[in-house]
Each structure stands twice: as structure tokens, then as C-alpha cells.
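Dumping the structure here so I can ask a few things about it.
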Amino acid sequence: MAAKGNDRQPKYQRIAEELKEAVRVGEYGPGDRLPGENDIMAAHQVARMTARQALGVLQNEGVAEARKGVGVFVRDFQPLRRRGVQRLARDQWGAGRSIRSADAGERELVVDQVVVSEESAPQAVADVLRIAPREAVCVRSRRFSLDGKPVLLATSYLPAALVAGSAIVRKDTGPGGIYARLAELGCGPVRFREQSRSRMPSRDEADRLRLGAGTPVIVIVRTAFADGGRPVEVNEMILDSSAYVLEYDIEA
């Protein structure tokens, strides 16, 4: 059957729209195999490249994923709802809960890679933390996975002089994480600022997050401020854009 849609669209886009509609109405459910290139070629009388481009649209939009040597399947993955306000509330980390638990709900967002080091502050980080250029900072690099799929890379920078000797310089920071430990040091966050943008990933980011071709990332840079407006942490987060919904509840 010929693909439906606007005749002005390229044929591969019309085929992709038809496949997406089939997923939307439940003809193909999570984990189901989609028609392969040969199936699409026969059904729509198109060249292999057109069939490949159509399936590529679904992969790039996060609707489907390719499994090498097997085919293309509807993604069996429910995105995380990143609750930008609730997750940073003091009654979250102050009660010993990690801020990421506000996103995952009953699912478990696992830290599967942690590297803690002391390095010279990059100029941009030094400027935000209001420390001298090249001053030592504690750097905490983590990767988070959900349901076995890497979804987030996070790198925190904190003044080394502030956190020296605390649990922040260990891999496991304990209940409530970094912010609970900063509070114990008398520098608990009272305000946060987040800046976000999207871009294409670097090769290293794509590899570590196992991103499909054409999948962008969301970059969120958060600064935590203690009393008096003192910046105590800069955290750069790289999110798989297909794995997250950014949600904000704001009182009018």
C-alpha cells in the first residue's frame, strides 16, 4: 500500500509518518519489530535507500532503535520525567534522598560510572565559582543508567579547599548526596540556577550514552549557591534527549 501523507513530502518521510502512526495506534507495540528494508521496498515500491531513510527517521526521533543483525524495533523505554523544581527541594536531599530519585519514581536510576579527581579549574568554571584561574577543584564525573540504558553524564566541580576531607571527595557521598554534605559543611544550597540548551553530542558523549545516529543531547548547567550568594558547585549534565521529558511545575 502506498504511503499516505502530503505528496510534497519526500517519499521516505511519508513512509516514516505511516510507520509512526502505526506505532501510535498500537499496531506495533514496545519491543515489536518494525517492517524491514525489504518489506518497505516491496510494500511501497521504493529503493533501498528510501526504505533506510524512513527507518532512520524513527530512530532519530527516538521512536525506534536498531539492533545489529536483527532489525529495527519500537523502543521499549519509558522516558524519565525530570522534575526541575521538586528534585532540588531541600526536603528531598535534606531528608537523605538523592535528587535523581525524584525523576525515576519507582524505577532505579543507577550510577554505573564514578570518577573523583582533583584538577585545575577550567576558566569558565573558575569564573562561575569565583575562584582564581587554575585553582584546584574537586571534579566528580558520573554516568547514570536506567533499565540498563545510559541516559545521563554529569560532571560536578566544587572548590577543593571547601570540600577537602569530606565525603564529597569519595565515590559514595552518602545519603542526600553532595548537597547534604555541603549542608554539613555549613554551605548548604539555598538557591539554584539552571541553564539549558541542545546540541549534537561529541563522539565520546555518543559512545558513552550509546546514542543512535542523529540523536541530540540536552546540556543543563546548574550552579548551586549557598547563603550570601556564594557559588559552591557547578554541574554540567549531558542528557540523552530521547530519554527525558523536562517538566516544571510553577506556581502562578
Side-chain angles (χ1 to χ4, degrees), residues 16-17 19-24 26 28-34 54-68 70-89 92-93 97-115 140-156 177-179 192 194-222 233-250:
E17 289 300 323
L19 289 171
K20 286 191 287 184
E21 177 65 13
V23 171
R24 189 188 70 78
Y28 300 105
D32 286 350
R33 186 180 182 276
L34 292 171
L55 290 171
V57 169
L58 273 71
Q59 294 173 64
N60 291 343
E61 293 182 4
V63 176
E65 60 184 358
R67 299 178 190 171
K68 191 172 182 180
V70 182
V72 178
F73 295 77
V74 178
R75 284 192 64 166
D76 187 11
F77 182 86
Q78 294 299 314
L80 286 159
R81 305 192 75 84
R82 186 182 187 274
R83 296 175 168 87
V85 177
Q86 296 95 321
R87 68 197 311 274
L88 294 174
Q92 179 75 15
W93 50 266
R97 296 188 294 270
S98 69
I99 62 174
R100 63 182 181 271
S101 66
D103 302 335
E106 296 181 358
R107 300 149 80 192
E108 187 175 8
L109 190 58
V110 177
V111 182
D112 62 4
Q113 293 180 3
V114 184
V115 176
R140 297 183 54 84
S141 299
R142 295 90 75 203
R143 187 178 76 171
F144 297 82
S145 293
L146 182 72
D147 302 336
K149 167 73 172 69
V151 295
L152 166 67
L153 307 175
T155 304
S156 290
I178 290 173
Y179 298 146
F192 298 93
E194 288 194 342
Q195 299 170 309
S196 60
R197 63 188 179 95
S198 63
R199 59 168 171 78
M200 298 308 294
S202 67
R203 177 170 295 182
D204 177 65
E205 291 165 349
D207 289 344
R208 292 184 66 196
L209 290 172
R210 301 178 198 162
L211 299 176
T215 304
V217 292
I218 301 169
V219 182
I220 300 177
V221 179
R222 179 172 66 235
E233 182 219 27
V234 175
N235 187 358
E236 181 180 58
M237 294 160 277
I238 311 295
L239 289 66
D240 173 357
S241 63
S242 68
Y244 277 89
V245 173
L246 306 186
E247 182 176 294
Y248 298 90
D249 290 322
I250 302 171

Exercise for review: For Val114, enumerate each residue passing the side-chain contact (heavy atoms from CB on, under 4.5 Å) test, keeping only those at least two apart in sequence or located in another chain.
Suggested key: Val111, Val116, Arg140, Arg142, Lys171

Review point. Within a radius of less than 6.0 Å around CZ of Arg203, do more than 12 heavy atoms belonging to other residues, nucleotides or ligands occur?
Key: no

Review point. Roughly how far, to the nearest 0.5 Å, is OG1 of Thr215 from CE of Met200?
Key: 7.0 Å

For residues 234-242, dump all side-chain donor-acceptor pairs below 3.5 Å to protein atoms at least two apart in sequence or in another chain.
residue : atom : partner : partner atom : Å
Asp240  : OD1  : Ser242  : N            : 2.9
Asp240  : OD1  : Ser242  : OG           : 2.8
Asp240  : OD2  : Lys149  : NZ           : 3.0
Asp240  : OD2  : Ser242  : OG           : 3.4
Ser241  : OG   : Pro216  : O            : 2.7
Ser242  : OG   : Arg75   : NH1          : 2.7

Revision key, fill the gap. Of all heavy-atom pairs linking Ser145 and Pro150, the shortest is OG-CA, 3.3 Å

Practice item. Look up atom CD in Gln59 and atom CD in Glu65, then write down how far apart they are to the nearest 0.5 Å. Key: 9.0 Å

Exercise for review: Please report the closest heavy-atom contact between Leu152 and Leu209, naming both atoms and the distance.
Suggested key: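 That would be N-CD2, 3.5 Å.
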
Review point. Of the non-hydrogen atoms in Phe144 and Asp112, which two are nearest, and what is the gap between them?
Key: N-OD1, 4.4 Å

Point to revise | Distance (rounded to the nearest 0.5 Å) between Tyr28 OH and Leu19 CG | key: 6.5 Å

Point to revise | 4.5 Å side-chain heavy-atom contact, Leu211 and Val217 | key: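 Contact flag for Leu211/Val217 side chains = yes.
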
Review point. If you round to the nearest 0.5 Å, how far is OG of Ser196 from CG of Leu246?
Key: 7.0 Å

**Study point:** Atom of Gly29, atom of Val74 and distance for their closest heavy-atom approach
**Key:**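 What the structure gives for the nearest pair is O-CB, 3.3 Å.
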
**Study point:** Side chain proximity check, Ile178 to Ser156, heavy atoms < 4.5 angstrom
**Key:**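 Yes, close enough: below the 4.5 Å cut-off.
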
Exercise for review: Please step through side chain to side chain contact (heavy atoms under 4.5 Å, CB included) for the pair Glu205 and Leu153, ending with a clear verdict.
Suggested key: CA-CA 8 Å; Glu205 291 165 349; Leu153 307 175; 4.2 Å; yes

Practice item. For the pair Arg143 (side chain) and Arg208 (backbone), establish whether a donor and an acceptor sit closer than 3.5 Å, ignoring hydrogens and angles. Key: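 At least one qualifying donor-acceptor pair exists.
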
